[in-house]
Amino acid sequence: MLPTLTATSLTPRRELALLLTLAGIQFTHILDFMIMMPLGPQFRALFGITDAQFGLLVSAYTLAAGTSGLLASTYIDRFSRNRLLIALYTLFGLATLACGLAPGYVALMVARIAAGLFGGVLSALCQTIVADVIPFERRGRAMGIVMTAFSVSTVAGVPLGLFLAATFSWHAPFFAIAGMCAVLVALAGATLPPLDAHMQGERHSTIGGLKRVLADRNHQRSFLFTALLMSAGFTVIPYLTLYLQANAGFNDQQIPYIYLCGGAVTLVSARLFGRMTDRYGKVPTFRVLALANLVPLVGVTLVGGAPMAVVLVTTTFMFMLMSGRMIPGMSIITSSAEPRLRGTFMTLNTSVQSAAIGLASVAGGLLIHRDAQGHVMGYWHAALVGVALTLAAVWLAPRITLHGATAPRAEPSPMSKS
């Protein structure tokens, strides 16, 4: 086991080990959520459910995660971050195992809710640890490393999960994720240093800390930014597989190519976008990537009948730019929190994030319907909602004040001029 260190004494090697461990935790957490979406046609046929009912199965996880975040906001800053992360991640792994053991729709719904309750805080904890440990000027690069978890989950995790589901059954991917969780729990115990600096000095009551976080106008703008950022994509993403199979003629063997191509490109672009965030600024980089993503976001809802190559190019650009905008976006969010209240802020922010994903998934399911031939109709309406939410996020981003920026690197904040 590596020697115990404090966060401030991490060597470059230990810092990288920490970031890779957090990326691994994010990988399993994201994969556990993402694997549900391409399995939609199988669940729909196996359980005899509608598209809207499948949307509820997806959103059950995120809505439970939102509830979990609200509860965790009352205690997260009262515990060592490393110990809390390991405890919650262990419970998340057990809940994922329960998903694999579920015999039917209702049991799977209950297990997904449990996974959301335990996993809902993991992203917030990982992002909080990055913000606690990594200096502001290198935070974009660090966030890029951690967020390559999305790329790896799409380029390797989702295709492998679909292969396991096709070879064995839909239960198999969840068993595999639970096994990876067991390995990562051991790695986390070896690589995470004590992270309890936030517990030193003045202590606030639970209610007092929540009031301070919620009363801060900058925090309020950041919460709204999070809701816009997350819901913009999830009116479209959960129904991509259903649309491609019903309207573009994709079969179960071709769907993994969507995630393989998108993840492979994103694996490279995430590091590039992380460096761009540090070099050109968080807000300008977010603005460019978010606006660029509007084209493929709408495009994927209109590719029915197009050649497979056109579909792959469109979906690949959507995955690349959608995950890319999250790097400067999350850097903005983590930097907007008052450092001593960052844990409470990030946990509440995860609740907002999860609720936004869940509500957007439900809204997307209500906007689409099937015609007599079984084709998905109205999918582009969901994309237009995503466009409007993205434009609102682009408008709001420069109005969030970022903590930790030195004078030469400070992000412009129009609100500071008012």
Side-chain angles (χ1 to χ4, degrees), residues 2-30 65 68-69 72-73 75-92 118-150 181 184-200 209 213 222 226 270 274 277-278 326-327 329-351 353 402-404:
L2 295 170
T4 300
L5 297 173
T6 62
T8 55
S9 65
L10 289 180
T11 64
R13 183 177 178 181
R14 281 297 303 275
E15 181 179 298
L16 179 60
L18 170 66
L19 293 175
L20 291 177
T21 299
L22 295 178
I25 292 172
Q26 287 281 69
F27 167 78
T28 51
H29 171 57
I30 293 169
S68 173
S73 66
Y75 63 77
I76 191 171
D77 282 328
R78 295 179 171 274
F79 294 93
S80 171
R81 304 221 196 276
N82 55 306
R83 292 182 179 178
L84 187 60
L85 179 65
I86 291 173
L88 289 174
Y89 188 57
T90 300
L91 294 171
F92 166 76
F118 296 125
V121 191
L122 293 178
S123 290
L125 275 173
C126 289
Q127 293 158 10
T128 300
I129 290 171
V130 171
D132 283 348
V133 174
I134 308 300
F136 180 89
E137 61 273 11
R138 290 192 285 112
R139 203 167 291 160
R141 173 183 172 274
M143 199 65 70
I145 292 175
V146 173
M147 292 191 68
T148 55
F150 174 85
C181 288
L184 283 165
V185 165
L187 289 177
T191 59
L192 291 178
L195 296 168
D196 54 7
H198 62 286
M199 300 170 63
Q200 308 302 319
V213 170
S222 189
T226 296
T277 298
D278 290 334
M326 290 297 296
I327 295 172
M330 291 311 303
S331 295
I332 291 170
I333 292 166
T334 57
S335 300
S336 70
E338 183 182 337
R340 187 166 294 279
L341 298 171
R342 185 175 285 135
T344 301
F345 167 83
M346 289 304 299
T347 307
L348 287 172
N349 190 74
T350 296
S351 294
Q353 175 179 314
L402 307 185
H403 296 283

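- Annotation: the span from Leu122 atom CG to Thr28 atom OG1 amounts to 7.5 Å, rounded to 0.5 Å.
- Atom CG of Asn349 is separated from atom CE of Met330 by 6.0 Å, given to the nearest 0.5 angstrom.
- A donor-acceptor contact shorter than 3.5 Å is absent between the side chain of Ser335 and the backbone of Ile332.
- Taking CD1 of Ile333 as the start and CE of Met326 as the end, the distance is 6.5 Å to the nearest 0.5 Å.
- Remark: Ile86 engages Thr90, Val185, Ala188, Leu192 in a side-chain contact (heavy atoms from CB on, under 4.5 Å) (not counting sequence neighbours).
- The distance from the CD1 atom of Ile129 to the OG1 atom of Thr334 is 13.0 Å, given to the nearest 0.5 Å.
- Here the side chains of Leu20 and Leu187 are not in contact, with every heavy-atom distance at 4.5 Å or above.
- The shortest heavy-atom contact between Cys126 and Ile25 is SG-CG2, 4.0 Å.
- Residues Cys181 and Tyr89 meet the side-chain proximity criterion, which asks for heavy atoms closer than 4.5 Å.
- Listed here is the closest heavy atom pair of Phe345 and Ser336: CZ-OG, 3.5 Å.
- If you take OG on Ser222 and CG on Leu348, they are separated by 11.0 Å, rounding to the nearest 0.5 Å.
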